[in-house]
Protein chains: 2
Amino acid sequence: MEDVAARAGVSRALVSIVFRGVTGASDETRGRVLEAARELDYRPDTRASRLGRGRTRMLGVTFAVGHAFHGEILGSLYSEADSAGYEIVLSGVTPVRDDRAAVDTLLAERCEGLVLVGSGLASTDLRRLGDGLPVVSLLRPVREAQVDVVRTDDALGLRLAVEHLRGLGHQRIALLDGGRAPGAAERRQGYRRGLRVSPGLDEVVLDGGLTELDGARAATAFLALGGERPSAVAAFNDRCALGFVDVVRQAGLRVPEDVSVVGFDDIEQAAYPHVALTTVRQDAARLGAEAVRAVTSRLDDATGPEGGPTPDGAVVEPELVVRRSTAAPPHGEAS
Amino acid sequence: MEDVAARAGVSRALVSIVFRGVTGASDETRGRVLEAARELDYRPDTRASRLGRGRTRMLGVTFAVGHAFHGEILGSLYSEADSAGYEIVLSGVTPVRDDRAAVDTLLAERCEGLVLVGSGLASTDLRRLGDGLPVVSLLRPVREAQVDVVRTDDALGLRLAVEHLRGLGHQRIALLDGGRAPGAAERRQGYRRGLRVSPGLDEVVLDGGLTELDGARAATAFLALGGERPSAVAAFNDRCALGFVDVVRQAGLRVPEDVSVVGFDDIEQAAYPHVALTTVRQDAARLGAEAVRAVTSRLDDATGPEGGPTPDGAVVEPELVVRRSTAAPPHGEAS
DNA sequence: CACTTTGACTAGAGCGCTCTAGTAGTCCAG
DNA sequence: CTGGACTACTAGAGCGCTCTAGTCAAAGTG
């Protein structure tokens, strides 16, 4: 910086002014400084600038490395933060690097707010964190008053799925359950509510999970049901649905002719023409936007790090995307 | 820090000593400082500490957000960097945030070295980058002398695949090509070499790509081949292979009875029992380790940012993993 | 004409650390 | 009792910025 200032024949302060893009420099000088910087291949040190500024305007984000849907969310987070004038600092969660470690590095970097994407952090940790700075839990509903929750209306999503299947005439609809995964409890509840609307529909809950493997296992259980077999299933998520479809097809069943399947998330693969999975779309862009809004509003409203008294956060509505994995049930089972 | 020092009744310098874990403090004082820090919920500001230290010991990593295999690599990068005494700074590449933007933020943070995972950065940018600091291109072979390359021996991988298929008796073996994807040229070459070993084997190259969708398209082209149809295919990667399998199965062909398929990468799904894809495994752990080694060795050897005269980097050998998507060709086509 | 105003620029303190140089105090050899 | 050789600790400059409080000249005002 010193060198740039010297080369441009100005003070260091002036260089700072130019690079921050604030007023206080003539166009001509501005040009000279930029030119000198380019010649010296100088670029401001963001660490030092944040140190000097007092604020960091950094948002810390933890996410599961290699998780497709988290990836989509990150994309949205990046652009939303950018337009809100914040920077994103990523901290990945891996098998050897848990949520706490990920959060710790973000705190040590002095992030002003945290977005935890599908984090499995313990309640006590969450509470403590939320007391210190604005925190939003993305995709995972938590009850702690200290953290905002941004999530899809999971229950509504499964109700939509069930209603769609009922509308096609299905009487027996199974759930491939998500167990303890984030949002699973809500989806289970939505499934139950969806069934109760018309009395006489039995609940059939099979153990599912997050991955194709879980879906495949559920399919094995499903096939073992024999005559009592449901004509449709709603899966915890798309990957689970895809694993299920794979296995039932290998067993000779046709989808959707013999069994209808609906997923959740609307991951990229669900839309591929050879897959064409009917699913409940989570809006990654909206989710990211709401998360950034929730944390930046706390930051910008100067209510201080204690957080406002009103819990912020948002529930974004999912949308049913009908493709070709669902149809009316076989041989006049309808109504 | 000031407060902690006051509370523990020592100087700020002493607090610094304790937190850096260097000698120069008695055990008793050390305990008092740590205690005081805990009470005040103090944790050192890593930005300031790196500023003061002169060195940052940070490794910048760019990666494609939501890419499963990149995810596996990140995991390895984290732990390797940790044991080499470096910290990882992530910078995601998304549709709205290209490689250059990702790299720029890393440079502004003053990372000392860069690991570009499957980066699509232009040659001129790569050269300029490599002139300034140690850079390794992971998974993508580039010719620039300024950057080290750590990659799987892609050509060998495809040769293994082809040899395996030939060993099973396949005469016509197609390649689902990766086009311009990183490593695709090498794999194509390996495929050709593999075929040339026994004369009379025709090359059949179908357009493939990185995703299931590309594999599905290739399958359509494959099915259209009719009587001339190969009895086996080697795909650019697992996702492509999986898409291919999906579509040929839907068309009534059996895998492996009617057509054998081998993938590349060995992603998690390839190992699922209902998938059981024969594939060429890339060793994510080794790749990550080599990348970290390449860049830290340049850093630690104090050869300066100019880099040593000998290009570093590594080629790690892939391994064929035989599962159940490959078998002998149908009706005595063998030999 | 003396006066405020405005725009362009600078000096220098401060951000939260690290680290060199140096000050005590203790222990022991000669 | 003097003088190393340690160990435990501290003062204070420095890292590369930001930003407040200024200076100074030119332009506008009545």
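Only heavy atoms go into these numbers, but all of them, side chains included; no hydrogens, no water, no symmetry mates. Letters A, B, ... are given to chains in the order of the sequence lines, protein chains preceding strands, and every chain is numbered from 1.
Checking A:S26 against A:T29 by side-chain atom types alone, a donor-acceptor pair falls below 3.5 Å.
Using a 4.0 Å heavy-atom criterion, one finds that A:A13 contacts the bases of the nucleic acid, with or without backbone contacts as well. Among the atoms of the strands shown, none is found under 4.0 Å from any heavy atom of A:V15. Counting non-hydrogen atoms under 4.0 angstrom, A:R30 reaches nothing in the nucleic acid.
Taking atom CG of B:L40 as the reference point, atom C1' of C:dG16 lies 15 Å away to the nearest angstrom. The distance from atom CD of A:E109 to atom P of C:dG16 is 15 Å, rounded to the nearest whole Å. When the P atom of C:dC15 is taken as reference, atom CZ of A:R57 falls 20 Å away, rounded to whole Å. D:dG14 atom P lies 18 Å from atom CE of A:M1, rounded to whole Å. For A:D45 and D:dT18, the CG to P distance is 10 Å, given to the nearest whole Å. Spacing between atom CZ of A:R43 and atom C1' of D:dC17 amounts to 16 Å, rounded to whole angstrom units. Here C:dG7 presents its C1' atom at 12 Å from CG of A:L14, a figure rounded to the nearest Å. Per the geometry, CD1 belonging to A:I17 stands 12 Å off P belonging to C:dA11, to the nearest Å.
A salt bridge links A:D45 with A:R47: the distance from a Lys NZ or Arg NE/NH1/NH2 to an Asp or Glu carboxylate oxygen falls below 4.0 Å. Note on B:D148 versus B:R298: salt bridge recorded, some NZ/NE/NH1/NH2 to OD/OE distance being below 4.0 Å. Using a 4.0 Å cut-off between a side-chain N of Lys or Arg and a carboxylate O of Asp or Glu, B:R50 and B:E87 qualify as a salt bridge. Checked for salt-bridge contact, A:E290 and A:R293 meet the test: a charged N lies under 4.0 Å from a carboxylate O.
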Quiz item: Would B:D82 and A:R97 satisfy salt bridge (charged side-chain N to carboxylate O under 4.0 Å, His left out), going step by step from the backbone distance to the final call?
Solution: CA-CA 11 Å; B:D82 192 55; A:R97 190 168 186 271; over 6 Å; no
Self-check item: Test log, rule salt bridge (charged side-chain N to carboxylate O under 4.0 Å, His left out), inputs B:R128 and A:D41
Solution: CA-CA 11 Å; B:R128 185 140 22 90; A:D41 195 27; over 6 Å; no
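Closest contact between the side chain of A:R20 and the listed nucleotides C:dC17, C:dC9, D:dT18 involves D:dT18.
For C:dC17, the OP1/OP2 oxygens have no side-chain nitrogen or oxygen of B:S16 closer than 4.0 Å. The phosphate of C:dA8 has neither OP1 nor OP2 within less than 4.0 Å of any side-chain N or O from A:S26. Between B:T29 and D:dC9 there is a side-chain polar atom (N or O) within less than 4.0 angstrom of OP1 or OP2. For D:dA13, the OP1/OP2 oxygens have no side-chain nitrogen or oxygen of B:R12 closer than 4.0 Å.
Summary of helix geometry: the two end axes of the helix from C:dC1-D:dG30 to C:dG30-D:dC1, each defined by five base pairs via their C1' atoms, are inclined to each other by 50° (rounded to 10°).
Centroid-to-centroid, the aromatic rings of A:Y78 and A:Y86 stay 6.0 Å apart or farther. In this structure, the ring of B:F63 has its center no less than 6.0 angstrom from the ring center of B:F69.
Against DNA chain D, the stretch residues 47-55 of chain B makes heavy-atom approaches under 4.0 Å through B:L51, B:G52.
With B:S137 contributing its side chain and B:V149 its backbone, the two residues share no donor-acceptor pair below 3.5 Å.
Positionally, the nearest nucleotide of DNA chain D for B:S11 lies more toward the 5' end than for the other of B:S11 and A:E2.
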